[in-house]
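I have placed the structure first, in the form of structure tokens, so that the comments after it can refer back to it.
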Amino acid sequence: MTHPNSIEANSSQTVGQESGLKPGLRLGLVLWLAGFIGVLSLLPLLPQIVAQLADSAPPVSMAVVRMVSTLQTGLLLLLAVWLGVRFAGKCGLSAPIFSRLAGLPHPPINYRSIVYTGAAGGVASGLFLAGFTQAFQPYLPADFLANAEQFQIPLYAKLLYGGITEEILLRWGLMSALTWLIASVTNRGAKQISGWVFIAAIFITSVLFGAGHLPLANVLAETVTPSMMVYIFVANGFVGLIAGYAFWKKGLESAIIIHMVAHVVWFIAG
């Protein structure tokens, strides 16, 4: 019997391989549509984002800005979906509920375990973010705090884009590809992937997620200070570590729930 974290996944987990191309396309379409809802949730915010990021008005109309932004993010999402469809199943990583929605064969799904893990991880992440932010405020530049207060993204966009789109981009796409790549180099010939390979992929993905927030931080503050970098990497990295572990053990949906619940708890905590 094949181990669930084997390099060559079993037929119920390998998408678009033994089960043919059409099942993989169905899963990819379901994931892309879910992620694209998050992309659309940012469209009403683009004028505010452009005004915050740019010193002057853009040389094109806002309609063009929206179209280019949607196309760019949609293509990036398409790449992430393809990477996950191509490599997740080979590493024993899965999106069980999305797979069921796409009509793919899948072992019985423990919905309670997925939800409980997501809720517990999300509450823990949200409380950590609230406490860490409060404790770290004295060490952050005043202009960063002031601009961040003005640059508020609505909760619905955080849930849809942060919770769904970012998890598909980072966990389903990037983490799946990194896990396969590391395993291919270090676990060559092994029947199952070592646990440290998943941990390494989780850590690298979390670091890259934190690094992805540095350009915005550079806009919100005149100078990116060491304390800002620590704050950005720790705050974003912590959630990434928890969500990455849940993706490994429970599936993509559990990671999505963690990300969403963390935003809700952080929002309630102020």
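One is the number of the first residue; the rest follow in order along the sequence.
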Would a 4.5 Å heavy-atom cut-off, applied to side chains only, mark F144 and T223 as touching?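 The answer is no; the side chains never approach within 4.5 Å.
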Just by distance, do the side chain of [X] and the backbone of [Y] share a donor-acceptor pair under 3.5 Å?
X: W32; Y: G74; value: yes
X: T225; Y: M228; value: yes
X: S176; Y: G84; value: no
X: N147; Y: A221; value: no
X: H259; Y: G162; value: yes
X: S125; Y: G122; value: no
X: S184; Y: W180; value: yes
X: R66; Y: L43; value: yes
X: S206; Y: L241; value: yes

Look at the aromatic rings of F136 and Y139 and report parallel, tilted or perpendicular, splitting at 30° and 60°.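 Ring orientation, 0 to 90° scale: tilted.
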Just do the side-chain contact (heavy atoms from CB on, under 4.5 Å) check on F247 and E167 with the steps written out, would you? CA-CA 9 Å; F247 176 41; E167 287 304 313; 6.0 Å; no
Might you work through the side-chain contact (heavy atoms from CB on, under 4.5 Å) test for T133 and F128, ending with a clear yes or no? CA-CA 8 Å; T133 301; F128 172 83; over 6 Å; no
Shared hydrophobic cluster for F36 and Y156 (ILVMFWY, side-chain gaps under 4.5 Å):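 Shared cluster, yes.
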Is it possible for you to say whether L45 and I37 belong to one hydrophobic cluster, with membership spreading through side-chain heavy-atom contacts below 4.5 Å?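 Yes, because L45 and I37 connect within a single hydrophobic cluster, where side-chain heavy atoms sit under 4.5 Å apart.
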Just grab all the salt bridge (Lys or Arg N to Asp or Glu O under 4.0 Å) pairs involving residues 123-135, residues at least two apart or on different chains.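 Counting only pairs at least two positions apart or across chains, no salt bridge (Lys or Arg N to Asp or Glu O under 4.0 Å) contact touches residues 123-135.
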Aromatic centroids of Y231 and F132 separated by under 6.0 Å: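 When the ring centroids of F132 and Y231 are compared, they turn out to be within the sub-6.0 Å range.
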Mind checking the CG-CD1 spacing from L252 to I257? Nearest 0.5 Å is all I need.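 Those atoms lie 10.0 Å apart.
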